[in-house]
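The block underneath contains the structure these notes are about, expressed in structure tokens.
The chains referred to below are lettered A, B, ... by the order of the sequence lines, with proteins before strands, and numbering in each begins at 1. The figures that follow rest on heavy atoms only: side chains count, while hydrogens, waters and symmetry mates do not.
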Protein chains: 2
Amino acid sequence: MKEKKTTPITIKDLAKELNLSPSTISRALSDHPKISQATKKLVSDKAEQSGFRLNAIASSFRSKKTKSIGIIAPRIDIDFHSRVISGIEDYAYKSGYHVIIFQSKDSYKMEKEILQNLQNMMVEGMIICLAMETKNFDHLKKLIKTKLPVVFYDRTPETFDTNKITINDFESAFNATEHLIKIGCKNIVHIAGNQSTGIFRARLEGYKAALKSYHLPLRDDHIFVTHSLSYQEGLTCAEKILELNPLPDGVFCANDYTAASVVKVLNKRKINVPEQVAIVGFSDYPIAQIIEPSLTTINDRAVQMGEAAAKMLIQHIQDQDFDIIDHQVITLKTELIVRESSTRKA
Amino acid sequence: MKEKKTTPITIKDLAKELNLSPSTISRALSDHPKISQATKKLVSDKAEQSGFRLNAIASSFRSKKTKSIGIIAPRIDIDFHSRVISGIEDYAYKSGYHVIIFQSKDSYKMEKEILQNLQNMMVEGMIICLAMETKNFDHLKKLIKTKLPVVFYDRTPETFDTNKITINDFESAFNATEHLIKIGCKNIVHIAGNQSTGIFRARLEGYKAALKSYHLPLRDDHIFVTHSLSYQEGLTCAEKILELNPLPDGVFCANDYTAASVVKVLNKRKINVPEQVAIVGFSDYPIAQIIEPSLTTINDRAVQMGEAAAKMLIQHIQDQDFDIIDHQVITLKTELIVRESSTRKA
DNA sequence: TTTTGTTAGGCAAATGTTTGCATTAATTAA
DNA sequence: TTAATTAATGCAAACATTTGCCTAACAAAA
């Protein structure tokens, strides 16, 4: 029953068959300039015809180039991350790299463990979004000291300088809040994300700054801090918002899940969105277009963020000129997408 | 400016320092029974203290075990796939494997190309969801002939037998339709997926079978076949449904995006869901809970599908007993989740 | 004492490719 | 004709680890 494992054809086999040396085969296969066109054709034809495949492991072993990059994301079944990763994979594939993906599940322990694995695997670079639990950055600093190219996205280290791709969360939040003010809101609530994470602090600050700059009062009971901006937490916040007196006339949420929850609860209570309460979310998740009324939100450029991260990383891997760069920070433009939830009749 | 590249510590270095042979170090590190506890401790302490890391590439090269599995999905920024992949990664990680991910973008050409790459990389197994374009299965048959363990999920080959994990699309669709019938619908429309794909054909058949088994007439103009079940296509279908005379009293959609579109359009036209038209979707995407009214749908077990695929694959990789198995098919139970869009007042 | 067995570890080959350097053949300049 | 140059290819080492087989040392059995 047991079939004999067919041993794969190697470069040596080809060499023997063609009466050439292994080195010539190797060079012909990688289009080396010192090999004649005739020989190259000979080799590639033979390779094709005999079903030869280059052993990538042996090749990596010898050349020290694995053509692989590691990704650590908190999880991949979240719209934002799956889009970033899609962008990374796209760009990487076009550049001849492949991606190895791990989920930290927002655990510090996992993050450290994965980092170890990835280094053993000799990836040529890494793209990382920090786990929420991560407060100690020693493992990351140590990693960077090894000179392995690393790029962080979205949730990035704050206590030291490194390569990052982010959006301007402060400004985006400012714009979102300003938009509410401009359509006439005077009493604006914010549903905030976990304050141990920089981007959510920045969004809160942006909200505050907008109020301040328009001389609107800042009320503590207008800020609702959640743990993970989940749909569930959004529902609870919405209930609490309804108890506020007077009822706010605008809500800026740090993501679209919570914003959608608020819309839903207000709809149920027959409170008109946007006339009575206008709502702005963050991230432009698919639901933003689908819910009724459709949701004004911030396009957070997830796919582009992935592409930019991959591009930056691969430049650092390949380009000599980048050796001189200590670290690089790219901030992507965001865009306020105005939809029904903040469009009041004139 | 250029820092000297610190050469990594190898097994040989450890051997020299401890006056042991490389083979002993290797065995100690992998907990070989023939090495004494004392030596193991010595070695692992020294390894720890000196920052040694085992070169996984060299190890793979020699042992022919890469501990990696390849995934080919149409895309990863779609809820269903990102959840499946999350399930795969989870299970694989626990079992000591890592995953390399590629997106075929539903292109046949890409699929073939990726397959080549993956084989060169010497992954120990592959998990594949077919590209929509793929009609010719030669590349896959050839792959399977190499004895490399492969598991397909969701969109699986139909012209030959192989390892698969699917749900019972026919039965799920039957149940969904039956549910509509049982709440009193007599005039049910189906929004179908691309009919070149087996699972969408099966869903259509399930719909038809349910009508038949309840002696309801089957009308051609009640079936709307879409290209990719997108939100946009859902909107167009919904408009066409409104032109039907009489207006249908139930809609079964092959996914939640189109279902959400229909809900949205009907809401806009002030047609009451579920009283006038009841709606059932498929897949239990996050939006299903968020839209108003919330959507009755089929839980398609995406995460479990990923876990099951990884489990099956890893068994085939590791377990001698599986050599005797030619192919294996697992069909997961689905679940009808009844929500507001099909709950009529008694 | 000799034989047998056991335990812990060493030797050296093997893995498939790449690459610096050497070599050969062919061409050109002198 | 010969030296110098160029083009095309070969040689052999190197990469870090694993593994089949061998051996030394010691203990137990005969």
B:Ile11 CD1 to D:dC15 C1': how many Å, rounded? 13 Å
Just checking B:Ile25: base, sugar-phosphate only, or nothing, at a heavy-atom cut-off of under 4.0 Å? nothing
With rounding to the nearest 0.5 angstrom, report the OG to NZ distance, B:Ser59 to B:Lys65. 10.5 Å
Quick note, B:Ser21 side chain, CB onward, closest among C:dC11, D:dT17, C:dC21 is C:dC11
Hey, does B:Leu20 reach any base, or is it just sugar-phosphate, or nothing, if we go heavy atoms under 4.0 Å? sugar-phosphate
Nearest of C:dG10, C:dT18, D:dA16 to any side-chain atom of B:Thr24? C:dG10
Distance check needed: C:dA12 C1' versus B:Lys12 NZ, whole Å only. 11 Å
I need the minimum non-hydrogen distance between A:Ile85 and B:Ile76, along with the two atoms involved. CG2-CD1, 3.3 Å
Using whole Å, what does the distance between atom C1' of nucleotide C:dT17 and atom CE of B:Met122 come to? 12 Å
Of the nucleotides C:dG9, C:dC11, D:dA8, which has the atom closest to the B:Ser36 side chain? C:dG9
Hey, which sits more toward the 5' end of DNA chain D by its nearest nucleotide, B:Leu54 or A:Pro33? A:Pro33
Please indicate yes or no: is the ring centre of B:Phe61 less than 5.5 Å from the centre of the six-membered base ring of D:dT17, with the two planes inclined by under 30 degrees? no
So which nucleotide from D:dA16, D:dG20, D:dT9 ends up closest to the side chain of A:Lys64? D:dA16
Between CG of A:Asp31 and P of D:dA8 the distance, given in whole Å, is 13 Å
With respect to the side chain of B:Thr39, which nucleotide from C:dT17, C:dA8, D:dT18 is positioned closest? C:dA8
So does A:Ser23 get a side-chain nitrogen or oxygen closer than 4.0 Å to the phosphate oxygens (OP1/OP2) of D:dT9? no
Please give, in whole Å, the distance from D:dT18 P to A:Ile57 CD1? 14 Å
Quick one: on DNA chain C, does A:Ile9 or A:Lys34 contact a more 5' nucleotide (nearest heavy atom)? A:Ile9
Side chain of A:Arg27 only, heavy atoms from C-beta on: which candidate in C:dG20, C:dT17, D:dA16 is closest? C:dG20
With the side chain of B:Thr10 defined as its heavy atoms from C-beta on, choose the nearest nucleotide among C:dT18, C:dG10, D:dT17. D:dT17
Shortest side-chain distance from B:Ser59, nucleotide among D:dT17, D:dG10, C:dA8: D:dT17
For B:Asp13, which contact category applies under a 4.0 Å heavy-atom criterion: base, sugar-phosphate, or nothing? nothing
Expressed in angstrom and rounded to an integer, what is the separation of B:Ile35 atom CD1 from D:dT19 atom C1'? 12 Å
Can you tell me if A:His316 and A:Gln328 form a side-chain donor-acceptor pair at under 3.5 Å? yes
Roughly how many Å is it from CE in A:Met121 to C1' in D:dT17, rounded to a whole number? 17 Å
Nearest to the side chain of A:Arg62 - D:dT17, D:dA14, C:dT15? D:dA14
Could you check whether the rings of A:His139 and A:Tyr108 sit parallel, tilted or perpendicular, using 30° and 60° as the cut-offs? perpendicular
Rounded to whole Å, the CG-P distance (B:Asn55 to C:dT17) equals 17 Å
Using 30° and 60° as the class boundaries, would you call the ring planes of B:His98 and A:Phe102 parallel, tilted or perpendicular? tilted
Is B:Lys41 salt-bridged to B:Asp45, cutoff N-O under 4.0 Å? yes
